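The structure displayed is predicted, hence computed values, not measured ones. Just the heavy atoms: all of them, side chains too, but no hydrogens, waters or symmetry mates, feed the values below.
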Amino acid sequence: MTTILDGKKVSITIQDELAEEVRKRNLIGKKKPHLAAILVGDDGASITYVDAKVKACERIGFESTLIKLPEITTEKELITEIQKLNNNISIDGFIVQLPLPNHINEQKIIQTIDPKKDVDGFHPQNVGRMALGLPTFLPATPNGILEILKRYKVNTVGKHCVVIGRSHIVGSPMSILMSQNYYPGNSTVTITHSRTNNLKEICLLADIIIIALGKAEFLTADMVKEGVVIIDVGINRVTDETKKKGYRLVGDVKFDEVAKKSSFITPVPGGVGPMTISSLLMNTMNATKLNNH
Ligand code: NDP
């Protein structure tokens, strides 16, 4: 039997829990968590993601601030905006939506963010703490994946987990977290990337596959074994004239055929995406507590 890991449903539950926490904090005079987001340029997907984050804040009673900057913003101007947020005591946490325009050095920008407000968990200090298993802000997407595995009680202990993709925001932290000595984790992890030679053979040995590469319907049924757990991170637009927008979203997994062989599988949309947002909100609540608000 296949269980759909319903990220939308779990995400609503998490957001209800956070809304209740905000309500209780209000009753005792504590401030609302406040998340800010900086968006540079007018990349369509980035605007959609940031809007979804702002709307989620409004729904659960967080304050939110959206700072929209033009594509031509210089690195120096962006750093100035970040420093303002670092110094603004009303802001508990903030994100700089990636990707940034090519003329801006992403790592330099990430390193300007105060690690105590880095609710995306991308600052090297927070990445280091994550690698050491110390309390920190876990990056939103990997944290959301751990949360959905936990809420569906998916067994990860001693399982062979294959991570496809090694980006700093998904694949690499995911491989660290799945191998750590706590649940969900304690898996034996293989991390793969574009230079991996025998990906199909490796995938056929996997009990859990976490795929984040950004290639529509890349993982097919012949690449997985019966009973596999599939976490599909990919979000890809494919042309579809039957849709008003002219496209639809698909993951990195050929869902219909792979689902038939899976014990658990996340859909796209409605799987990892909503979990990423809820995870960011959880980090913001933690930042609020950390900053003693
Ligand atoms: P990146 O482009 O940064 O990384 C892609 C990774 O896939 C790279 O490590 C690359 O290897 C690897 N790769 C490419 N081709 C192959 C191949 N043929 N075989 C094995 N590995 C391969 O992507 P991201 O991690 O940022 O994002 C991946 C996907 O997840 C995208 O679709 C993105 O939109 C989506 N995403 C979804 C989120 C959500 O909330 N659901 C959040 C973040 C991302 P190499 O390093 O060698 O180049």
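Arg237 places no side-chain N or O within donor-acceptor distance of the main-chain N or O of Leu249, the cut-off being under 3.5 Å. Glu63 contributes no side-chain N or O that, together with a main-chain N or O of Leu35, makes up a donor-acceptor pair within less than 3.5 Å. A donor-acceptor pair is defined here as one N or O able to donate and one able to accept, closer than 3.5 Å; no such pair exists between the side chain of Asp118 and the backbone of Ile113. The backbone N or O of Arg248 lies less than 3.5 Å from no partner atom in the side chain of Asp240, so there is not a single donor-acceptor pair. Gln180 places a side-chain N or O within 3.5 Å of a backbone atom of Met130 that can act as its donor or acceptor partner.
For the residue pair Asn291 / Asp92, no side-chain donor-acceptor distance below 3.5 Å is found, with atom types taken as modelled. Side chain to side chain, His34 and Ser64 fail the donor-acceptor criterion of an N or O pair below 3.5 Å.
Two residues are said to be in side-chain contact when any heavy atoms from C-beta on lie closer than 4.5 Å; Asn26 and Lys31 fail this criterion. You'll find the side chain of Ile14 stays beyond 4.5 Å of the side chain of Leu281, heavy atoms only. Looking at Gln125 and Gln111, their side chains never come closer than 4.5 Å, going by heavy atoms from C-beta outward. A 4.5 Å side-chain heavy-atom check between Leu149 and Thr156 finds at least one atom pair inside the cut-off. Side-chain contact check for Ile110 versus Val96: every heavy-atom pair is 4.5 Å or farther apart. At a threshold of 4.5 Å between non-hydrogen side-chain atoms, the residues Asp16 and Leu18 do not count as touching. When side chains are defined from C-beta on, Pro173 does not count as touching Leu138, because their heavy atoms never get closer than 4.5 Å. Phe62 places none of its side-chain heavy atoms less than 4.5 Å from the side chain of Thr288.
Ile38 and Val54 fall into different hydrophobic clusters, where Ile, Leu, Val, Met, Phe, Trp and Tyr side chains are chained together by heavy-atom contacts under 4.5 Å. Residues Ile104 and Leu98 share a single hydrophobic cluster, defined by chaining ILVMFWY side chains whose heavy atoms lie under 4.5 Å apart. Hydrophobic clustering of Ile, Leu, Val, Met, Phe, Trp and Tyr side chains at less than 4.5 Å, counting indirect connections, keeps Leu66 apart from Val119. Leu213 and Ile176 are members of different hydrophobic clusters when ILVMFWY side chains are connected at heavy-atom separations under 4.5 Å. Hydrophobic clustering (side-chain heavy atoms under 4.5 Å, transitive across Ile, Leu, Val, Met, Phe, Trp, Tyr) groups Ile202 together with Val258.
Here the CD1-CG distance, from Ile277 to Leu280, works out to 8.0 Å after rounding to the nearest 0.5 Å. Annotation: the span from Leu199 atom CG to Asn197 atom CG amounts to 10.0 Å, rounded to 0.5 Å. A distance of 8.0 Å separates CG in Asn283 from CG in Asp120, rounded to the nearest 0.5 Å. Here the OG1-NZ distance, from Thr284 to Lys117, works out to 12.0 Å after rounding to the nearest 0.5 Å. Annotation: the span from Thr48 atom OG1 to Gln97 atom CD amounts to 9.5 Å, rounded to 0.5 Å. Atom OG1 of residue Thr242 and atom OH of residue Tyr247 lie 13.0 Å apart, to the nearest 0.5 angstrom.
The side-chain hydrogen bond (donor to acceptor under 3.5 Å, both in side chains) analysis of residues 219-228, with sequence neighbours excluded, yields the pairs Lys200-Asp222, Asp207-Lys225, Thr220-Asp222. Pairs passing the side-chain hydrogen bond (donor to acceptor under 3.5 Å, both in side chains) check and including a residue from residues 252-266, sequence neighbours excluded, read Asn236-Asp252.
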Please evaluate residues Lys289 and Glu21 with respect to the criterion salt bridge (charged side-chain N to carboxylate O under 4.0 Å, His left out), reporting the C-alpha separation (whole Å), side-chain torsions for both, the decisive distance (0.1 Å), and the verdict.
CA-CA 12 Å; Lys289 293 174 185 167; Glu21 206 175 340; 2.5 Å; yes
Under the criterion side chain to side chain contact (heavy atoms under 4.5 Å, CB included), I'd like the reasoning laid out for Val22 against Met285: C-alpha separation, chi angles, the key distance, then a yes or no.
CA-CA 9 Å; Val22 173; Met285 177 60 91; 3.9 Å; yes
Carefully, step by step, assess Ile95 and Phe122 under the rule side chain to side chain contact (heavy atoms under 4.5 Å, CB included).
CA-CA 9 Å; Ile95 61 162; Phe122 293 159; over 6 Å; no
Walk me through it: do Ser179 and Thr188 pass the test side chain to side chain contact (heavy atoms under 4.5 Å, CB included)?
CA-CA 6 Å; Ser179 66; Thr188 304; over 6 Å; no
Test side chain to side chain contact (heavy atoms under 4.5 Å, CB included) on Val233 and Ile210; report intermediate values, then the result.
CA-CA 7 Å; Val233 183; Ile210 301 175; 4.2 Å; yes
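Between Ser11 and Met275 the shortest heavy-atom distance is N-SD, 4.1 Å. Here the shortest heavy-atom pairing between Ala206 and Val228 reads O-CG2, 3.7 Å. For the residue pair Ser172 and Ile191, the shortest heavy atom distance occurs at CA-CD1, 4.0 Å. When all heavy atoms of Pro142 and Pro139 are compared, the pair lying nearest together is CD-O, 3.3 Å. Here the shortest heavy-atom pairing between Gly61 and Lys32 reads O-CD, 3.3 Å. Looking at every heavy atom in both residues, Tyr152 comes nearest to Val10 through CE1-CG2, 3.5 Å.
Using a 4.0 Å cut-off between a side-chain N of Lys or Arg and a carboxylate O of Asp or Glu, Lys84 and Glu81 qualify as a salt bridge. Classification of Lys150 and Glu147 as a salt-bridged pair holds, one side-chain N sitting under 4.0 Å from a carboxylate O.
Under the salt bridge (Lys or Arg N to Asp or Glu O under 4.0 Å) criterion, Arg23 pairs with Glu20, not counting sequence neighbours. Under the salt bridge (Lys or Arg N to Asp or Glu O under 4.0 Å) criterion, Lys116 pairs with no residue at all, not counting sequence neighbours. Contacts of Thr112 classified as side chain to side chain contact (heavy atoms under 4.5 Å, CB included), with partners at least two apart in sequence or in another chain: Ile79, Ile82, Gln83.
Within 6.0 Å of atom CG in Asn198, more than 12 heavy atoms from other residues, nucleotides or ligands are found, so the atom counts as buried in its surroundings. For CG of Asn181, the number of neighbouring non-hydrogen atoms (other residues, nucleotides, ligands) closer than 6.0 Å is 12 at most.
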Please list every donor-acceptor pair under 3.5 Å in which a side-chain atom of residues 157-170 meets a protein atom from a residue at least two apart or in another chain.
from, atom 1, to, atom 2, distance (Å)
His160, ND1, Leu205, O, 3.0
His160, NE2, Thr190, OG1, 2.7
Ser167, OG, Val170, N, 3.1

